[in-house]
Amino acid sequence: DDEKWWVSYSFYDSAGVFIGETKLPVDQTTASSSGWLADTNGVGATVLPKDSWKTIIKFVGGKNATGTVWADDFIFTGRGDWAGQDWNAGVGVPTGWYYWLPPNGGNDGLLANGFENTVLTTEAAHSGLNSLKFDLPFDRQPHDGFVGTKRFLLNGTGIGTIAQLNPEGLGGISMPSTVNPGDLLRATVWIKASNLVPDSAAAYPATWSVGLTPLFDKGNGNNLGYNPTGPDLMFTFPAVTSFEWTSYSADFTVPNDPSYKVMEVRLHIYARFTGTVYFDDLTVQKMGTSTGVGGDTKIPATYMLLENYPNPFNPTTTIQYALPQTANVSLSIYNVLGQHVRTLVEGTVTTGYHNATWDGRNDQGQTVHSGVYFYRLTTGQSSFVKKMLLMK
């Protein structure tokens, strides 16, 4: 056994107790194979005593194994409600991160969405050796996808522990030493891009984009669920077809709820985006304590588009934004197709914190349908896009 290669599928129940393992040994009856060979067991050969809540796939070489072996397309096919899963896209994701690349969290052999090209690469790096690469063809089918960090505690255990996950800079995020409810945080990531389509970005400002999504949760277990209301913080690229390493940042606030103990950050590709982007050196920095909006006389340190509230909403919601100086401001609503729905603010706005209310109507005064909408703040100095949900 010490000289063998194999693929292992290990299964665990909801309490994290090991409930079974399937090993697929690599055929070594000949020293070399002429091409790719399927290493599989039969239909029904893996039977579990209870539902598996977590499955870990390992490609293993015994301690005395020799030779060169490639493994690809890790698949598990069920015979119940779950038709099957192809975890292949996860092979390129660095340790300490996880991914959601559709459909159903993986490719499932469906390549029209373009996420089969999502890998950890040495082609480019802002620091160290590696970066995370999305390479999405122009003719791909629209669909969101992300690669995200695992959850990290907000109790001061961040610096040192998280940064050591990968010395190349990509495998973990640098976190502040202490994070409290109400703190204003800034996530920064370095991006390099090519094969961009400025015309598409202009036509679909809310869906032809990339960005990041911070989420806060009440526990660190994999099966504790996810907070579905995290903000989608979209970056606005310059009207060019390519650019070199550039720092992009987004500000957000820790929920004023002490029960939130952990956070994660997702590097996000939105539905219509096409092109090649590299992500590297994600950091989260504490900017201070959020002072709120409406009547606050303090001068903001930076341009900010904050979370609308309530979200989801019906029929009205309040959108919050902040300006460190007087600026020419445009605040508009778009639907999921990138079509303009409503202009809420247009013109010069003074320094400070401001509110704008949307009543679920378009510029013609007609009530719009339920669904996802995007609100975009443009100041001339910067541009921000976030997502909200109208429910009726």
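In what follows, every heavy atom counts, from backbone to side chain, and hydrogens, waters and symmetry copies are set aside. What you see is a predicted model, and the numbers here were worked out from it, not measured in a lab.
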Minimum side-chain heavy-atom gap Asn195-Phe138 below 4.5 Å
no
Go through the side-chain N and O atoms of Asp232 and Tyr270 and say whether any donor and acceptor fall under 3.5 Å apart.
yes
Candidate pair Phe384 and Thr236, rule side-chain contact (heavy atoms from CB on, under 4.5 Å), full reasoning:
CA-CA 7 Å; Phe384 309 89; Thr236 300; over 6 Å; no
Is there a path of hydrophobic side-chain contacts, each under 4.5 Å between heavy atoms, that joins Leu212 and Ile191?
yes
Before giving the answer on side-chain contact (heavy atoms from CB on, under 4.5 Å), spell out for Thr213 and Leu233 the whole-Å C-alpha distance, their side-chain angles and the decisive distance to 0.1 Å.
CA-CA 6 Å; Thr213 305; Leu233 307 173; over 6 Å; no
Given 3.5 Å as the limit, does a donor-acceptor pair link the side chain of Lys50 with the main chain of Ile19, or not?
no
In short, Leu136 meets Asn113 closest at the heavy-atom pair CD2-O, 4.0 Å
Between Gln325 and Tyr303: side-chain donor-acceptor atoms closer than 3.5 Å:
yes
Measuring from atom CG of Leu305 to atom CG of Asp251, what distance do you get when rounded to the nearest 0.5 angstrom?
10.5 Å
Is any side-chain heavy atom of Val262 closer than 4.5 Å to one of Phe216?
no
Is it true that Tyr373 and Trp358 have ring centroids separated by less than 6.0 Å?
yes
With rounding to the nearest 0.5 Å, note down the distance linking CH2 in Trp245 to NE2 in His126.
7.5 Å
For atom CG of Asp1, is the number of surrounding heavy atoms from other residues, nucleotides or ligands below 6.0 Å larger than 12?
no
Taking every non-hydrogen atom, the tightest pair across Met263 and Leu185
SD-CD1, 4.1 Å
Are Thr343 and Asp363 close enough that some pair of their side-chain heavy atoms sits under 4.5 Å apart?
yes
Would you say Val277 and Leu282 are hydrophobically clustered, going by side-chain heavy atoms of ILVMFWY under 4.5 Å?
yes
Sidechain-backbone polar pair: Asp13 side chain, Phe18 backbone, donor-acceptor under 3.5 Å:
no
Over all atoms of both residues, closest heavy-atom pair of Arg272 and Tyr204
CD-CG, 3.5 Å
Distance-minimising heavy-atom pair for Phe11 and Tyr9:
CE1-O, 3.5 Å
Can you label the angle between the Phe134 ring and the Phe279 ring as parallel, tilted or perpendicular, going by 30° and 60°?
perpendicular
Keeping the roles fixed (side chain from Thr207, backbone from Gly338), state whether a donor-acceptor pair exists under 3.5 Å.
no
Distance alone, cut at 3.5 Å: any donor-acceptor contact between the side chains of Asp359 and Thr316?
no
State whether the side chain of Asn362 and the backbone N or O of Gln364 hold a donor-acceptor pair below 3.5 Å, judged by distance alone.
yes
Any side-chain heavy atom of Thr318 sitting closer than 4.5 Å to one from Phe313?
no
Classify the ring geometry of His340 against Tyr334: parallel below 30°, tilted from 30° to 60°, perpendicular beyond 60°.
perpendicular
Quick one: which of Asn308, Asn311, Thr317 gives a side-chain contact (heavy atoms from CB on, under 4.5 Å) with Leu389?
Asn311
Count I, L, V, M, F, W, Y as connected when their side-chain heavy atoms are under 4.5 Å apart, and connections chain through other members. Are Val372 and Val385 then in the same cluster?
yes
Side chains of Met388 and Ile333: does their closest heavy-atom pair fall under 4.5 Å?
yes
Using side-chain contact (heavy atoms from CB on, under 4.5 Å), reason through Leu323 and Thr351 one step at a time and then give a plain yes or no.
CA-CA 5 Å; Leu323 308 175; Thr351 302; 5.5 Å; no
Sidechain N-carboxylate O distance under 4.0 Å for Lys192, Asp280:
no
Indicate whether any N or O donor in one side chain lies under 3.5 Å from an N or O acceptor in the other, for Ser330 and Glu346.
yes
Close side-chain approach of Thr283 to Asp281, heavy-atom, < 4.5 Å:
no
Would you indicate whether the side-chain heavy atoms of Val368 and Gln366 approach each other to under 4.5 Å?
no
Determine whether more than 12 heavy atoms belonging to other residues, nucleotides or ligands lie under 6.0 Å from atom CD of Glu3.
no
Point-to-point distance, once rounded to the nearest 0.5 Å, from CD of Gln320 to NE2 of His354:
12.5 Å
CG/Leu24 to OG/Ser8 distance, rounded to the nearest 0.5 angstrom?
8.5 Å
Mind telling me whether Phe243 and Tyr248 have parallel, tilted or perpendicular rings, with 30° and 60° as the class edges?
tilted
Correct closest heavy-atom pair for Pro198 and Val240 would be CG-O, 3.4 Å
Between Ser247 and Thr188, do the side chains contain a donor N or O and an acceptor N or O under 3.5 Å apart?
no
Distance under 6.0 Å and angle within 45° of ring axis: Lys54 vs Tyr12
yes
Return yes if a side-chain donor-acceptor contact under 3.5 Å exists between Thr22 and Asn41, otherwise no.
no
Are Ile269 and Val189 connected, step by step, through hydrophobic side chains (Ile, Leu, Val, Met, Phe, Trp, Tyr) whose heavy atoms are closer than 4.5 Å?
yes
If you group Ile, Leu, Val, Met, Phe, Trp and Tyr by side-chain heavy-atom gaps below 4.5 Å, do Trp190 and Val265 land in one group?
no
Looking at OG of Ser249 and CZ of Phe235, how far apart are the two atoms once the value is rounded to the nearest 0.5 Å?
7.0 Å
Which is it for Glu123 and Tyr278 under the side-chain contact (heavy atoms from CB on, under 4.5 Å) test, yes or no, and what are the steps along the way?
CA-CA 9 Å; Glu123 294 175 0; Tyr278 301 88; 2.8 Å; yes
Closest approach of Trp5 and Ala65, non-hydrogen atoms and distance?
NE1-CB, 3.6 Å
Value rounded to 0.5 Å, distance of CD1 in Ile319 from CG in Asn355:
10.0 Å
Are side-chain N/O atoms of Thr276 and Asp135 paired as donor and acceptor at under 3.5 Å?
yes
Could you check whether any side-chain N or O of Thr121 sits under 3.5 Å from a backbone N or O of Ser131, counting only pairs where one atom can act as donor and the other as acceptor?
no
Measure the shortest side-chain to side-chain distance between Tyr375 and Val341 over non-hydrogen atoms and say whether it is less than 4.5 angstrom.
no
